[in-house]
Amino acid sequence: MSKAERREVQERQRAAKLLQKQQKPPGAPVTTGPPSKGTQGNDPPSTPKPNKAVFSGQHKRSGSIYEPTTPGRGTFAQNADDAQSRKSRGLMIFSHFSLPKQLGQGVKGDIHPAIVRLALLFSEFKICGANARCIATLTAFKTVIQDYTTPEHNTLSRHLMTHLSPQISYLVSARPMSVSMGNAIRQLKLEISKADIDRVEQEVKDELCQQIDNYIRDRIIVADEVIEELAGQKIKDGDVILTYAKSSVVEKVLLNAHQEGKKFSVIVIDSQPLLEGKALLTSLTSTNPPIPCTYTFLSAISSVMTEVTTVLVGAHSICANGAVYSRSGTALVAMIAKNHNVPVVVCCETYKFSDSVVLDAFGKNELAPQKFDRRSDAALASPSSNLEILNPLYDLTPPKCITAVVTEVGLIPPSSVSSIPMALGRISI
Amino acid sequence: MAGTHAEEHATPAIFTVYKSYQRHLANEQISTPLAAILALTDLIEFSDAGTMFELVKALNEGAETLKSKTANPISLNAGCELFIAFVTLFPHEFASFIDLKKELIRQGRRYATEALTYRRKIAELALDFIKDGSVILTHSYSRVVMQTLLLAHERKRISVFVTEARPRGLGQVILGCFLHVNSIECLICARIKTAEALRAAGIPATVVLDSAVAYVMDKVDFVLVGSEAVVESGGLINAVGSNQIAIIARAANKPFYALAESYKFHRLFPLSQYDLPSHNARLFSFPSPSQASAPSEHTARTESIQSLSHEMSAPNTQPINTGKITQEQISQENPDVDYTRPDLISLVFSDVGSLTPEGVSQYLVGMFAG
């Protein structure tokens with residue numbers, strides 16, 4: 001090691017020390033974004049000591065890619081080398097996408113073990129998909145409610161709410177709340193507030209759990225069965241159905257139609273980084289006899305679209321203006337289908353309807369955790385790399401690209417989405 | 001099978017729902033959905049159902065009978081659906097079931113009488129959109145369009161292009177009774193009917209070939225069509241050719257107006273032409289070559305289509321092999337109705353108001369989803 005090199009190393013170490021000192025006061029251990037939340041200790045480079053990695057001179061990417069450029073980081077940008085500051089600046093416009101938090105950071109109050117466990121599963125993407133997350137959350141809340149006792153001089157209808165809010169915040173710190181969860185929790189809170197203060201606590205708790213069960217049954221399970229039937233009617237012999245990534249509803253629709261003896265084939269379109277289509281492909285081909293499937297990446301979409309009769313996709317949520325918020329890539333699929341005059345059918349339960357109006361996917365989105373990026377070690381960790389990774393999880397399909405939305409109340413055009421909650425006689429969705 | 005219920009418990013006059021339906025349909029003013037509603041009302045009268053469940057079951061069976069006897073059941077379905085939904089949701093606040101039945105019959109008949117005034121209402125609504133000196137393009141024959149045009153003629157100067165509307169216009173004569181029974185809309189020679197009726201009323205009218213619509217479109221101020229059914233997407237099901245007129249109107253930036261009585265609103269969501277209930281494998285099937293020298297089939301999809309077309313077009317193979325194609329064959333291999341996408345429609349005039357296609361779908365969602 002030459003003198004100059006040694007000096008460089010020393011200087012870097014000094015800078016790192018200085019930075020650590022500066023950052024310590026504001027909060028507990030400094031995190032570097034999704035890697036620490038997303039990987040929680042099974043991915044060595046991004047575990048507890050990320051700052052060292054950033055300044056170790058090897059330009060390990062270790063999360064600095066996702067670093068939000070908050071004002072507090074100003075000193076960091078000045079101290080760091082050119083490449084680092086460029087990176088930070090490059091991602092500034094996306095810094096509002098689910099600001100990475102440490103699990104449970106800033107959450108006050110007792111967290112129930114069921115919630116801690118669930119949060120971990122969420123952050124690890126072990127439980128993924130709007131329906132699965134909603135059911136898991138509600139089931140965990142049932143445990144929380146059963147284990148809850150109202151403190152003295154308090155009523156359940158008022159205190160249970162304050163007991164639940166830190167649990168919800170904890171879950172949100174693992175992964176931003178999905179619209180489905182938001183709607184379900186709003187409904188639960190409404191039920192809690194309606195609880196009679198004169199009744200026996202256990203009775204009220206049992207009733208709440210019963211209501212949660214009913215919600216899961218009516219709005220998710222039975223709704224899915226109705227959607228299966230309605231969407232199944234649109235699949236005819238000889239059809240070629242195209243689907244993107246994996247939606248639990250679409251999977252059920254296809255399997256159900258296959259079981260009814262319809263002869264159709266499926267094109268599964270998939271894309272990085274989550275590669276969810278693989279799971280769908282496995283489940284579609286493991287039937288007896290298997291459904292004829294084609295698996296390809298998003299880049300091949302325009303080549304296969306000419307063969308397709310119907311596009312069938314799921315949704316994370318649907319906005320009041322009929323725009324579909326779904327796995328990123330869906331918008332592209334829908335637009336290409338529209339261009340080829342292929343009907344685009346979205347399967348979505350009404351409990352996923354959101355009363356907000358979203359105009360693009362930049363306002364609200366989420367970034368895929370780094371662990372899903374398979375190219376990380378080889379291509380991106382090289383010292384010369386100025387490459388930034390941005391993997392938004394969702395995108396927004398404009399309503400004009402959607403032919404029909406299949407819900408449990410029937411097939412509706414996207415323009416009528418806003419009139420459904422009223423038709424169901426609900427004030428809140 | 002279906003409808004036996006209705007026939008079993010028939011009165012000495014031997015009531016069948018289908019006969020009743022045809023009897024009502026014979027009235028020039030009664031359209032298919034209304035005839036269906038009246039036939040089902042008659043069915044209530046003759047039915048000896050003792051409970052609501054039995055009654056609804058009988059009605060569903062009656063609707064099935066009617067459906068099975070018509071080739072193009074779309075507008076008929078709309079009427080049946082409306083009436084059965086009405087019966088199911090009717091408040092049960094009567095002393096006896098007999099009273100309830102009487103009330104249902106009274107309501108059904110009253111609705112039918114009231115529905116006859118809808119066309120006048122629609123004509124009044126549409127009138128505001130017809131300017132003095134307008135040139136209008138209309139398609140096939142529709143009573144509500146006729147009434148609107150005649151009303152407009154009383155107050156404004158209009159001239160009308162009428163399309164030839166094949167196969168209904170021409171195929172009608174050749175197919176004889178086949179279509180005649182099925183759809184009241186296809187009265188003898190629709191095109192001549194519309195044009196002649198208009199001329200008789202003193203409205204300048206010219207018959208335009210279906211293939212000349214694009215030629216004439218630049219001279220037209222707007223397009224006015226009737227409808228077989230208005231569906232949940234806000235789209236329109238109407239005599240075949242409406243879709244291409246709508247596409248041409250859009251290309252020429254001309255408004256495309258549809259007229260539809262609210263009993264034609266139908267809870268159906270076709271994704272494409274081939275998703276219509278009236279579509280079957282016989283339509284546009286290719287005649288199977290008589291020799292088994294068919295080219296090797298690549299996919300399961302073409303295979304199934306070919307095998308289907310083989311079955312369906314079997315009776316037609318003979319004339320084709322001799323090289324002669326008859327008009328009858330053409331009519332049989334072509335659809336009666338087509339589906340017009342909502343984004344091609346400017347407004348739908350109905351007795352519940354002038355609605356945008358989105359408004360139609362919201363109205364339908366509110367009516368049935370609630």
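Quick note: numbers below take in every heavy atom, side chains included, and nothing from hydrogens, waters or symmetry partners. Chain naming here is simple, since letters A, B, ... match the order of the sequence lines and numbering starts at 1 in each.
A distance of 12.5 Å separates NZ in A/Lys236 from OH in B/Tyr274, rounded to the nearest 0.5 Å. Rounded to the nearest 0.5 Å, atoms CG (B/Asp275) and OG1 (A/Thr310) are 7.5 Å apart. For the atom pair A/Ile412 CD1 and B/Phe269 CZ, the distance stands at 8.5 Å (nearest 0.5 Å). Atom-to-atom distance recorded for B/Ser233:OG and A/Leu411:CG is 9.5 Å, nearest 0.5 angstrom.
The environment of CD in A/Gln259 is sparse: at most 12 heavy-atom neighbours from other residues, nucleotides or ligands sit within 6.0 Å. The environment of A/Glu229 atom CD is sparse: at most 12 non-hydrogen atoms of other residues, nucleotides or ligands sit within 6.0 angstrom. Enclosure of atom NZ in A/Lys263 is not indicated, since only 12 or fewer non-hydrogen atoms of other residues, nucleotides or ligands lie within 6.0 angstrom.
Within the 4.5 Å cutoff, the side chain of A/Ser415 has heavy atoms near those of the B/Ser361 side chain. A/Ser419 is not listed as a side-chain neighbour of B/Tyr363, based on a closest heavy-atom distance of 4.5 Å or more.
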N/O donor to acceptor pairs below 3.5 angstrom from side-chain atoms of residues 331-348 of chain A, sequence neighbours left out:
| residue | atom | partner | partner atom | Å |
| --- | --- | --- | --- | --- |
| A/Lys338 | NZ | A/Lys400 | O | 3.3 |
| A/His340 | ND1 | A/Ile336 | O | 2.9 |

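Every pair passing salt bridge (charged side-chain N to carboxylate O under 4.0 Å, His left out) that includes a residue from residues 309-336 of chain A is listed here, sequence neighbours excluded: A/Glu276-A/Arg327.
Remark: the backbone N or O of A/Val417 is not paired with any side-chain donor or acceptor of B/Gln362 at under 3.5 angstrom.
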